[in-house]
Amino acid sequence: LLSGRWAFLPAEPKLSPSYLIIMSTSAASASEDEYVRLKLELASARAATDTARLRARQLISKRDGLREDVSKNRAETEEQRLILEQTRESNDKLKAQIKTAEEERKRLLEEIEGKDDDC
């Protein structure tokens with residue numbers, strides 16, 4: 001028995017064996033509920049992780065596809081630049097040939113006119 005300042009506290013109640021069984025059953029039930037809750041939370045976290053991994057793989061695949069497209073575009077652009085340069089060179093040569101042909105034509109016309117005057 002308590003004396004002094006602890007005397008006001010009631011003595012611990014005696015718990016019946018059936019009460020203890022009920023309490024242990026509810027504690028076991030609570031731990032099973034907690035276990036199920038944790039399993040569901042783990043499954044949810046795994047699903048979220050799997051979704052994130054799938055999305056990452058899709059983004060990586062898309063990125064790699066875009067890299068290939070960029071490489072192809074660069075190659076095509078370089079090819080087109082080369083074709084453009086060759087076309088310009090060809091045009092310059094043709095212009096020079098046209099100028100030479102026009103000068104030759106003028107010279108021939110002048111020569112023909114000179115012969116006509118002689119006749």
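Atoms considered below: every heavy atom in the structure, side chains included; atoms not considered: hydrogens, waters and symmetry mates.
- Taking OG of Ser71 as the start and CD of Glu76 as the end, the distance is 11.0 Å to the nearest 0.5 Å.
- For Leu109, the side chain to side chain contact (heavy atoms under 4.5 Å, CB included) partners two or more places apart in sequence, or in a different chain, are Arg105.
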For this session: Dump the intermediate steps for side-chain contact (heavy atoms from CB on, under 4.5 Å) on Leu94 and Gln97, then the final yes or no.
Result: CA-CA 5 Å; Leu94 289 172; Gln97 288 176 355; 3.7 Å; yes
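- A distance-only check finds a donor-acceptor pair linking the side chain of Thr87 to the backbone of Ile83 [under 3.5 Å].
- Under the side chain to side chain donor-acceptor pair (under 3.5 Å) criterion, Gln86 pairs with no residue at all, not counting sequence neighbours.
- Summarising the local packing, CZ of Arg46 is surrounded by 12 or fewer heavy atoms from other residues, nucleotides or ligands at distances under 6.0 Å.
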For this session: Go through the steps for Glu78 and Arg81 under the test salt bridge (charged side-chain N to carboxylate O under 4.0 Å, His left out), then give the verdict.
Result: CA-CA 5 Å; Glu78 186 60 34; Arg81 199 174 301 154; 3.3 Å; yes
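- Between the OG1 atom of Thr49 and the CZ atom of Arg53 there is a distance of 6.0 Å, given to the nearest 0.5 Å.
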Exercise. For Arg63 and Leu59, what are the C-alpha separation, side-chain angles and deciding distance, and is it a side-chain contact (heavy atoms from CB on, under 4.5 Å)?
Worked result: CA-CA 6 Å; Arg63 179 202 63 196; Leu59 290 172; over 6 Å; no
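- Although no hydrogens or angles enter the test, the distance criterion places a donor-acceptor pair under 3.5 Å between the side chain of Thr100 and the main chain of Ala96.
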Exercise. Please walk me through it: do Thr51 and Arg55 pass side-chain contact (heavy atoms from CB on, under 4.5 Å)?
Worked result: CA-CA 6 Å; Thr51 301; Arg55 181 71 180 132; 5.6 Å; no
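- Of the options Glu111, Glu103, Glu110, a salt bridge (Lys or Arg N to Asp or Glu O under 4.0 Å) to Arg107 is made by Glu111 and by none of the others.
- Looking at heavy atoms from C-beta onward, Ile60 lies in side-chain contact with Asp64 at the 4.5 angstrom threshold.
- Between Gln80 and Leu84 the shortest side-chain heavy-atom distance does not fall below 4.5 Å.
- Taking CG of Leu38 as the reference point, atom CD of Glu34 lies at 4.5 Å (rounded to 0.5 Å).
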